[in-house]
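Quick notes on the structure that follows.
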Amino acid sequence: MRSRPQHRSSPNPSVPAPADERPHDGAPRGASPVLAASNLLGRIGLDAAGCARRLAFLAFDAADVENLAKLRAFAHANVDGIVEDFYGHLLSFEETRRLLEDDETVKRLKKLQRQYFLRMLDGDFDRDYFESRLRVGAAHANTDLRPEWYLGTYSLYLRLLADRLSEHYSDDPGTLLALLGSFTKVVFLDMGLAMDGYILNGYVDRRLAQDYRRMAEVAERALAAKDELEQAKADLTGMIVHDLKGPLGGILAVTQLALRKASGAASDRHFAQIQRSAQDLMRMIENLLEIDQMQAGRLELRLEPVAVDGLLAECAAEYRAAGEIAGMTIGVTVAAPLPVMVTDRWLLRRVLNNLVVNAIRHSAAGTIELAARVDDAHLEIRIRDSGRGIPPEEQAHLFARAGRARSAHREDTGLGLVFCKMACERMGGTIAIESAPGRGTTFVITLPAAASL
Ligand code: HEM
């Protein structure tokens, strides 16, 4: 006949006084040599009163001490089977098996596990007990075993003991319940201390750092993939735009030939119109290609001596016919002879072309004037039209590639102006606008005169 286990007999439990007041039995049982010398209790500031408080919170009392004493003989008789089943379970899950790859480790751990389990039933919750549980938690944190697997294993402990106990006490459910209740309190005490061990070991900080690192890597990979995609898109666009130049060049050559053999027939006007449209298209294609080259820092300047007044006259001559069709006259004003500049003739000429085309497009009729002057430091070129002008709120976005859209005042997407700004800056200068609705528009190019001969 089994004696009845105690049930919460005393409100003032005879829980053994924690370590501070008790003799220490030397080396901790089952302790890792690495952590053996450590004082983890001190590091979390858990003194004798703190330990007693934890036990009190679990309602651990004298009855529990007696119950554990009763369990001891049963535990000794069953510990080998419990430990075998314990590791059988851990070996059946990938997440825990990975830490138990070699037989030697499992053999060593079974021995330590045996000691650990039996010590739970000692009823001797002294300072050394608390310290050893912290150490075991810290040791597991060191193996990088995630806490959910570690804590989950305590339920295995409970189950393995409960299965065996319920068979043994099948005719005495009251005792079974009381014994399991006391054992459960110890399990929860150990779980709390194990968590402290994980925290002490810096597991949470390490985990967070790992997560942040992983997140940063994912973000970096996503950005790189996006850059690659954008580069691929830009390359493809560049190739298509470049390929357009070939057939367009063909159209221009044929129309030029046809115009040279001008017959005075109506078809001549049509050819002239085709030529202007093809030139326009070519100018836009070249804008696109050169904007991309400038953005990628790949546009090399081809410097040469340039007579700027001659360049303005050339430009005015090229667009005079187109201007006349639109009811505009194009004139050149150069106050005093200009010095010969060293600059990229082709690039500057293309800036002027774009600005003149822009002026023709945005003026109903009137005049376009190309003017230039030079002082000690700068060459200033002004392209002035008598057109309808540009409202201030549009001027701010005129030279920006991003967010270009058609507006009531401008029929095109205005990439020509984006090109002009980038090209002027590439030549070491600037471009600015002076305009007001109804008062025409002047684009002012300023280039360093130091580049003059
Ligand atoms: C109720 C849960 C567990 C208890 C009570 C327990 C108990 C122990 C004990 C007493 C040690 C020796 C610690 C020391 O050297 O100071 C240990 C080490 C170890 N345990 Fe556990 N263990 C538990 C869960 C697990 C789980 C789920 C795994 C996963 C496979 C695991 C794997 C290990 C490993 C790999 C070591 C060796 C650590 C080292 O030497 O660095 N344990 N365990």
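Below, all heavy atoms of this structure are taken into account, side chains as well, without hydrogens, waters or symmetry copies. Order of listing sets the numbers, starting from 1, for every ligand and every atom in it.
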Would H140 count as being in polar contact with ligand 1, using the rule that some N or O on each side must be under 3.5 angstrom apart?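 In this structure, H140 places an N or O atom under 3.5 Å from an N or O of ligand 1.
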
Establish, from distance only, whether the side-chain atoms of [X] and [Y] form a donor-acceptor pair under 3.5 Å.
X	Y	result
D190	Y116	yes
N39	R43	no
W346	E286	no

What part of [X], side chain, backbone, both or neither, has a heavy atom within less than 4.0 angstrom of ligand 1?
X	result
T105	neither
L100	side chain
T143	side chain
Q113	side chain
Q115	neither
R108	side chain
L145	side chain

To the nearest 0.5 angstrom, please state how far the CZ atom of R114 sits from the CG atom of L109.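 CG of L109 is found 15.0 Å from CZ of R114.
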
N/O donor to acceptor pairs below 3.5 angstrom from side-chain atoms of residues 215-224, sequence neighbours left out:
none

Please verify whether a non-hydrogen atom of L112 lies at under 4.0 Å from ligand 1.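 L112 counts as a contact of ligand 1 under the 4.0 Å cut-off.
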
Taking the six-membered ring of F57 as reference, does the NZ or CZ atom of R53 fall below 6.0 Å from its centre and within a 45° cone about the axis?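 No, R53 does not lie over the aromatic ring of F57.
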
For atom 2 (C) of ligand 1, state which one of T153, T96, V136 supplies the nearest heavy atom.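 Result: the heavy atom closest to atom 2 (C) of ligand 1 is in T153.
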
Considering only residues two or more places apart or on different chains, which pairs with a residue in residues 431-442 satisfy salt bridge (charged side-chain N to carboxylate O under 4.0 Å, His left out)?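 Sorted result for residues 431-442: R382-E434.
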
Give the numbers and elements of all ligand 1 atoms closer than 4.0 Å to a heavy atom of Y154.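 Heavy-atom distances to Y154 below 4.0 Å select 1 (C).
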
